[in-house]
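Take a look at the structure set out below.
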Amino acid sequence: MKNLCLPLVIAIIYSNPIPAAVKNGYGLHIYEVRESLKTLQTILDETDTLSAFQKSEIRKKIGTLLEFVAFHQLTELLLSQFRLIAPDLFNKVDTVRSRNGFPITVYVRFVSEEDMQHGAHATTNIAHAMNDPDLYASEFGPATVSVKIASVNRSLLLLAHEFGHVIYQVRNLAAYMAFYTKSYQNETFNSSYIGHDGADPSGMRALEFENIYRNRYYSLVKARGEKVETPFSLLATIRRNVGRTTF
């Protein structure tokens with residue numbers, strides 16, 4: 001992926017040590033979304049002069065916002081599941097720091113398959129902050145990473161894989177970006193080869209995390225005698241219930 005050079009307010013980051021964390025990527029806007037839902041539902045229920053077209057448009061907007069709420073809830077549940085299954089892997093990412101010791105916030109969003117680009121089921125952005133090639137940056141700002149995972153039955157395994165990428169890349173960003181540019185400059189975005197060259201240290205770390213997660217999962221299933229509820233099942237339940245919620 002292309003390097004995104006984002007502004008870096010060095011003084012703020014240096015003087016305010018914010019702890020590293022794995023966070024729900026929908027969380028930054030969930031309050032505004034819930035408030036918008038309240039407003040739109042009130043307009044729909046209490047305005048008598050709306051045309052059929054206006055009502056239809058409002059219902060479409062409500063539907064879009066309800067999907068946002070649903071995926072926010074799904075992300076919360078799946079992050080909790082991951083922490084339950086593989087707390088050691090989760091905690092490594094939850095406390096990850098850059099090569100220079102700065103805490104990094106990792107924003108995770110589970111999304112529909114349709115929202116993923118070029119058929120990919122999981123992506124982690126790769127970019128550094130302006131003036132600091134060792135400090136990660138994403139659309140969430142400097143000192144952040146953005147991870148997107150398709151809501152499929154193997155979503156948590158995909159998350160483990162991406163967490164492996166995150167751990168390596170955050171700690172070795174400048175060196176890895178040089179390797180990335182050299183190794184994948186002739187590859188297209190949708191090539192499964194990107195990030196997984198035989199000599200790619202980030203790819204090797206991702207496979208390591210994937211294998212550890214798989215072992216943790218099977219151990220938990222064996223101990224509990226039942227499988228963990230799948231993302232498909234969780235999302236179906238959330239969608240049934242989210243529209244009944246009073247915002």
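Positions are given from 1, in the same order as the sequence printed here.
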List the atom of Phe140, the atom of Ser146, and the distance in Å for their closest heavy-atom pair.
-> CE1-OG, 3.8 Å
Interatomic distance, CG@Leu235 vs CZ@Phe71, rounded to 0.5 Å, equals 5.0 Å
At what distance, to the nearest 0.5 angstrom, does CG of Leu84 lie from OH of Tyr217?
-> 11.5 Å
Which is it for Asp200 and Tyr176 under the side-chain hydrogen bond (donor to acceptor under 3.5 Å, both in side chains) test, yes or no, and what are the steps along the way?
-> CA-CA 9 Å; Asp200 190 318; Tyr176 182 70; 2.9 Å; yes
Flag the pair Val93 / Leu89 as yes when at least one side-chain heavy-atom distance between them is below 4.5 Å, and no otherwise.
-> no
Residue pairs passing the side-chain hydrogen bond (donor to acceptor under 3.5 Å, both in side chains) test where at least one lies in residues 76-90, sequence neighbours excluded = Asn24-Glu76, Asp88-Arg216
Ser138 and Val145: side-chain contact (heavy atoms from CB on, under 4.5 Å), yes or no, with the steps?
-> CA-CA 5 Å; Ser138 76; Val145 180; 5.7 Å; no
Nearest heavy-atom neighbours spanning Asn125 and Ala137 = ND2-O, 2.7 Å
Can any side-chain N or O of Ser155 pair as donor or acceptor with the backbone N or O of Ala150 at less than 3.5 Å?
-> yes
From Gln41 CD over to Leu66 CG, what is the distance, rounded to the nearest 0.5 angstrom?
-> 8.5 Å
Have Asp115 and Ser112 got a donor and an acceptor in their side chains that come within less than 3.5 Å?
-> yes
Can Glu46 and Lys38 be counted as an ion pair, charged N to O under 4.0 angstrom?
-> no
State whether the side chain of Tyr168 and the backbone N or O of Leu173 hold a donor-acceptor pair below 3.5 Å, judged by distance alone.
-> no
Rounded distance [0.5 Å steps], CD in Glu35 versus CD1 in Ile30 = 11.0 Å
Indicate, with yes or no, if Val221 and Leu77 share a hydrophobic cluster defined by side-chain heavy-atom contacts under 4.5 Å among Ile, Leu, Val, Met, Phe, Trp and Tyr.
-> yes
How far apart are the C-alpha atoms of Leu159 and Phe110, what are their side-chain angles, what is the distance that settles it, and do they pass the side-chain contact (heavy atoms from CB on, under 4.5 Å) test?
-> CA-CA 9 Å; Leu159 180 59; Phe110 289 90; 3.9 Å; yes
Check: Phe68 ring centroid to Tyr26 ring centroid under 6.0 Å = yes
Say whether Tyr218 and Ile212 are linked into one hydrophobic cluster, either directly or through other cluster members, by side-chain heavy-atom distances under 4.5 angstrom.
-> yes
Check whether any side-chain heavy atom of Asp134 lies under 4.5 Å from a side-chain heavy atom of Ser98, and answer yes or no.
-> no
Taking only residues two or more places apart in sequence, or in another chain, which ones meet Tyr107 in a side-chain hydrogen bond (donor to acceptor under 3.5 Å, both in side chains)?
-> none
Heavy-atom side-chain proximity of Thr64 to Lys60 below 4.5 angstrom | no
For residues Thr47 and Leu50, report the shortest heavy-atom separation together with the two atoms involved.
-> CG2-CG, 3.7 Å
With the side chain counted from C-beta on, respond yes when Glu162 and Phe209 share a heavy-atom pair under 4.5 Å apart, and no when they do not.
-> no
With the 4.5 Å side-chain cut-off for hydrophobic clustering, are Phe232 and Val242 part of the same group?
-> no
What heavy-atom pair brings Tyr136 and Ile126 nearest, and what distance separates the two atoms?
-> OH-CA, 3.4 Å
Trace of the side-chain contact (heavy atoms from CB on, under 4.5 Å) decision for Ile149 with Leu78 = CA-CA 11 Å; Ile149 308 289; Leu78 291 179; over 6 Å; no
Could you verify whether a donor N or O on one side chain and an acceptor N or O on the other, from Arg205 and Ser202, lie under 3.5 Å apart?
-> no
For the student: nearest non-hydrogen atoms of Asp94 and Val22, plus distance = OD1-N, 2.7 Å
Would you indicate whether the side-chain heavy atoms of Leu44 and Arg59 approach each other to under 4.5 Å?
-> yes
Basic-acidic side-chain contact under 4.0 Å: Glu210, Arg214 | yes
Could you grab the distance from atom CD1 of Ile58 to atom OG1 of Thr39, nearest 0.5 Å is fine?
-> 11.0 Å
Passes side-chain contact (heavy atoms from CB on, under 4.5 Å), Thr75 versus Leu79? Steps please.
-> CA-CA 6 Å; Thr75 298; Leu79 287 176; 3.9 Å; yes
Taking all non-hydrogen atoms of both residues into account, name the closest pair between Val170 and Arg97 and its distance.
-> CG1-O, 3.5 Å
For the rings on Phe82 and Phe163, is their centre-to-centre separation under 6.0 Å?
-> yes
Side-chain donor/acceptor of Thr124 to backbone N/O of Val147, under 3.5 Å | no
Are side-chain heavy atoms of Thr144 and Val106 found at a separation under 4.5 Å?
-> no
Could you label the plane-to-plane angle of the His161 and His165 rings as parallel, tilted or perpendicular, counting under 30° as parallel and over 60° as perpendicular?
-> perpendicular
If we only count heavy atoms from C-beta on, is the Met177 to Gln169 side-chain gap below 4.5 Å?
-> no
Set of residues satisfying ring pair (Phe, Tyr, Trp, His ring centres under 6.0 Å) with respect to Phe90, sequence neighbours excluded = none
Hey, does Val166 have a side-chain heavy atom less than 4.5 Å from the side chain of Ile104?
-> no
With rounding to the nearest 0.5 Å, note down the distance linking CZ in Arg109 to CG in Leu74.
-> 13.5 Å
Would you say the side chains of Glu229 and Ser233 form a donor-acceptor pair under 3.5 Å?
-> yes
